[in-house]
Amino acid sequence: MLVQQFSFGKDSFLIEASFINVGDDYVVIFGGGEKPHIGAVALGVPRPSLKKDGTCSSSASVICLTGHKEDLLARTAALELSKAFQHSVTVTVGIHIDDVAPEAIGVIESHFKFLLEQIIEWGISVE
């Protein structure tokens, strides 16, 4: 089993991710802020593009815990990772900062996107 750790940011804006292969599939766990947790889970499944041009696309299903707002992050990561790796990918995301300011949400989202790009670059290089 391959496990790889990633992180970006500092203090309350630190986001960490663990990448784990499970046979031919993957699990990626994102957590961060003051209280990492599971806020949303998404499953991305690769499929042929609906454009019928031979490219790969993906579909995703999402479960979000009541009151949590990580569903769009989880869905985005599941879609991008399953498309990039052409394998099924389960993603969990839980990032919490008490009384977060609206401008801080943008910082968290940019850190998340940066980390997602790093995982994709790393994964493509080891495949």
Side-chain angles (χ1 to χ4, degrees):
M1 183 180 304
L2 173 66
V3 177
Q4 182 69 30
Q5 303 290 330
F6 300 86
S7 64
F8 186 71
K10 63 181 184 172
D11 302 325
S12 295
F13 298 101
L14 174 67
I15 305 219
E16 298 176 301
S18 298
F19 175 99
I20 306 161
N21 78 309
V22 182
D24 290 333
D25 301 317
Y26 307 108
V27 174
V28 182
I29 303 164
F30 290 91
E34 297 164 350
K35 193 186 303 183
H37 60 285
I38 297 173
V41 179
L43 174 62
V45 180
R47 60 169 173 76
S49 173
L50 298 176
K51 296 177 186 174
K52 298 182 182 180
D53 61 1
T55 61
C56 182
S57 189
S58 60
S59 295
S61 298
V62 180
I63 300 171
C64 190
L65 279 71
T66 304
H68 291 265
K69 298 179 180 177
E70 292 94 348
D71 51 324
L72 293 178
L73 295 176
R75 183 177 190 276
T76 297
L79 289 170
E80 290 189 26
L81 290 164
S82 63
K83 179 180 175 182
F85 300 149
Q86 297 186 21
H87 289 276
S88 296
V89 179
T90 298
V91 174
T92 70
V93 181
I95 302 165
H96 179 82
I97 298 174
D98 285 332
D99 303 316
V100 66
E103 59 274 5
I105 293 171
V107 172
I108 292 165
E109 289 173 345
S110 71
H111 285 186
F112 182 88
K113 288 177 184 176
F114 179 82
L115 208 51
L116 178 58
E117 290 169 9
Q118 294 301 304
I119 294 167
I120 291 170
E121 286 178 23
W122 170 82
I124 290 172
S125 73
V126 297
E127 282 199 306

Residues in side-chain contact (heavy atoms from CB on, under 4.5 Å) with Glu117, at least two apart?
-> none

Determine, using the 4.5 Å side-chain heavy-atom cutoff (strictly less than), whether Leu2 and Leu115 are members of one ILVMFWY cluster.
-> yes

Results of side-chain contact (heavy atoms from CB on, under 4.5 Å) for Ser110 - residues two or more places apart only = none

Kindly list each side-chain donor-acceptor pair under 3.5 angstrom involving residues 78-85, sequence neighbours excluded, with atom names and distances?
from: Ser82; atom 1: OG; to: Ser58; atom 2: OG; distance (Å): 3.4
from: Ser82; atom 1: OG; to: Ala78; atom 2: O; distance (Å): 2.8
from: Ser82; atom 1: OG; to: Leu79; atom 2: O; distance (Å): 3.3

Return each pair, listed once, that meets ring pair (Phe, Tyr, Trp, His ring centres under 6.0 Å) where at least one residue sits in residues 42-62; pairs must be two or more places apart or across chains.
-> none

Any chance you could measure Thr76, atom OG1, to Asp71, atom CG, to the nearest 0.5 Å?
-> 9.5 Å

CG of Leu14 to CD1 of Ile108, rounded to nearest 0.5 Å, is 11.0 Å

Qualifying residues under ring-ring contact (aromatic ring centres under 6.0 Å, His included), relative to Phe112, sequence neighbours excluded | Phe30

Using the rule that two of Ile, Leu, Val, Met, Phe, Trp, Tyr join whenever any of their side-chain heavy atoms come within less than 4.5 Å, decide whether Leu72 and Val62 are in one cluster.
-> no

Output a table of donor-acceptor pairs, distance under 3.5 Å, between side-chain atoms of residues 88-102 and any protein atom two or more places apart or on a different chain; print 'none' if there are none.
from: His96; atom 1: NE2; to: Asp98; atom 2: OD1; distance (Å): 2.7

CD1 (Ile29) and CD (Gln5) are apart, to the nearest 0.5 Å, by 8.5 Å

Side chain to side chain donor-acceptor pair (under 3.5 Å) involving Glu103 - partner list, sequence neighbours excluded | none

Check ring-ring contact (aromatic ring centres under 6.0 Å, His included) between Phe114 and all other residues, then give those that pass, not counting sequence neighbours.
-> Phe8

So CZ of Phe6 and CD of Glu121: to nearest 0.5 Å the spacing works out to 10.0 Å

Please round to the nearest 0.5 Å and tell me the distance separating atom CD1 of Ile15 and atom CG of Leu116.
-> 11.0 Å

So which pairs with a foot in residues 54-77 pass ring pair (Phe, Tyr, Trp, His ring centres under 6.0 Å), sequence neighbours left out?
-> His37-His68

Ser59 and Arg47 have their tightest heavy-atom pair at OG-NE, 2.8 Å

Residues in side chain to side chain donor-acceptor pair (under 3.5 Å) with Ser7, at least two apart?
-> none

Give a yes or no on whether Ile63 atom CD1 has more than 12 heavy-atom contacts from other residues, nucleotides or ligands under 6.0 Å away.
-> no

Minimal heavy-atom distance between Arg75 and Ala60, with the atoms involved, is CG-CB, 4.2 Å

Judged by atom type as modelled, is there a donor-acceptor pair below 3.5 Å linking the side chain of Ser125 to the main-chain atoms of Trp122?
-> yes

Sorted by chain and number, sequence neighbours left out, side-chain contact (heavy atoms from CB on, under 4.5 Å) with Asp11 holds for none

Going by the angle between their ring planes, with limits at 30° and 60°, are Phe19 and Tyr26 parallel, tilted or perpendicular?
-> tilted

Would one find more than 12 heavy atoms of other residues, nucleotides or ligands at under 6.0 Å from atom CD1 of Ile120?
-> yes

With sequence neighbours left out, the residues meeting side-chain contact (heavy atoms from CB on, under 4.5 Å) with Lys10 are none

Heavy-atom closest pair (Gln86 atom, Cys56 atom, distance to 0.1 Å) is CG-SG, 3.6 Å

